[in-house]
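Order of appearance sets the numbers: ligands from 1, and atoms from 1 within every ligand. Computed from a predicted model, the values in this text were never measured in an experiment. Note that the numbering runs from 1 along the sequence shown for the chain.
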Amino acid sequence: MGSEATLKLPVIDFTNLKLEANNPNWEAIKSQVHKALVDYGCFEAIFEKVPLELRKAIFAALQELFDLPLQTKILNVSKKPYHGYVGQYPMVPLFESMGIDDANVYENVESMTNIMWPHGNPSFSKTIQSFSEQLSELDQIIRKMILESLGVEKYLEEHMNSTNYLLRVMKYKGPQTSDTKVGLTTHSDKNIVTILYQNEVEGLEVMTKDGKWISYRPSPDSFVVMIGDSLHAWSNGRLHSPFHRVMMSGNEARYSAGLFSIPKGGNIIKAPEELVDEEHPLLFKPFDHVEFLKYYYTEKGQRDQFALRTYCGV
Ligand SMILES: O=C(O)CCC(=O)C(=O)O
Ligand SMILES: [Fe+2]
């Protein structure tokens, strides 16, 4: 399956949109969001609320972080798999990543920063925290639109309170060849919503429902919004959670940052009864996200492209 040059992700412009209701654009944008997420599980968002200066600063911060010695980077450890330093994996030798839990809260970022830079690095902390906080507004807008368009907005508060934000930052070394090499293997995200931002180096590919790859053309103004398996399950399959991967070629490093809204441990993900009927039978049994991840991170789970279906599919 080659990449299809003609395919493109839907583009949705959130400029000037406020979280408050009765904004004239709200309904129009909401229906674009709903359609894109049903059809692709993914779209490109133009969102100027994160100022250009901050969007530029994030890449300088990522470079500074990944330029640290490996023995420093591995000090970022986490009890949760994939939330600390990840890298040097034989399957994905170009890839490195670091997670920062609750990155929208300054103190959390600062404690990770102080492990990386024992004398502190307030400008790094501030960049990471501001970026996460301002981008979390887009996550909130999108999830409000999703619940409204599914007719289940009465669950909005409960739904929003059931998650927290992980910022995961990534570096993919250029493979130093014009051949295409795997940066990150094909997977679907396991969380609620993912919002990605990246530098100018191409590589992200998103699969359509009929198995074609869309290559994302990065732009400094665009974020990529993607549905994870947990929201696919919660919406009882209404919203698609797409397979995606990163493919690298050339010399340049690709830096990206992903804001992941993630179900808190102990929360049971269960499709609202309004979304289950004869035409839409329940697809997934209620599940605890943390328990599901325990399966996903086993050797079998890692090889299973339909891990959620295996774990709790009806
Ligand atoms: O680097 C990217 O843009 C994609 C990363 C990704 O898919 C992930 O971290 O789940
Ligand atoms: Fe992903």
Between W234 and H159, how do the two ring planes meet: parallel, tilted or perpendicular, split at 30° and 60°? tilted
Between K190 and Y296, is NZ or CZ placed under 6.0 angstrom from the six-membered ring centre and within 45° of the ring axis? yes
Any N/O pair R168/ligand 1 closer than 3.5 Å: yes
Please confirm whether R309 makes a cation-pi placement over F284, using NZ or CZ under 6.0 Å from the six-membered ring centre and within 45° of the ring normal. no
Does one side chain, of Y255 or E252, offer a donor that lies under 3.5 Å from an acceptor on the other? no
Using only N, O or S atoms, tell me which atom of H244 is closest to the Fe ion (ligand 2). NE2
Just by distance, with hydrogens left out, do Y106 and E133 show a side-chain donor and acceptor under 3.5 Å apart? no
Students should be able to answer this: which protein heavy-atom is nearest to atom 4 (C) of ligand 1, and at what distance? Y172 OH, 3.7 Å
Nearest to the Fe ion (ligand 2) - the N/O/S atom of D189, by atom name: OD1
Side chain, backbone, both or neither: which part of Y255 comes within less than 4.0 Å of ligand 1 when only heavy atoms are counted? neither
Answer with yes or no whether the hydrophobic clustering places F66 together with L68; edges join I, L, V, M, F, W, Y residues whose side-chain heavy atoms lie under 4.5 Å apart. yes
Relative to each other, are the rings of H232 and H240 parallel, tilted or perpendicular (30° and 60° limits)? perpendicular
Check contact between R254 and ligand 1, using heavy atoms of the residue and a distance below 4.0 angstrom. yes
Can you list the atoms of ligand 1 that are under 4.0 Å from a heavy atom of D189? 10 (O)
Is the shortest distance from a heavy atom of M226 to ligand 1 less than 4.0 Å? no
Atom indices of ligand 1 within 4.0 angstrom of L184 heavy atoms, with elements: 5 (C), 6 (C), 7 (O), 8 (C)
Can you tell me if Q198 has a non-hydrogen atom under 4.0 Å from ligand 1? no
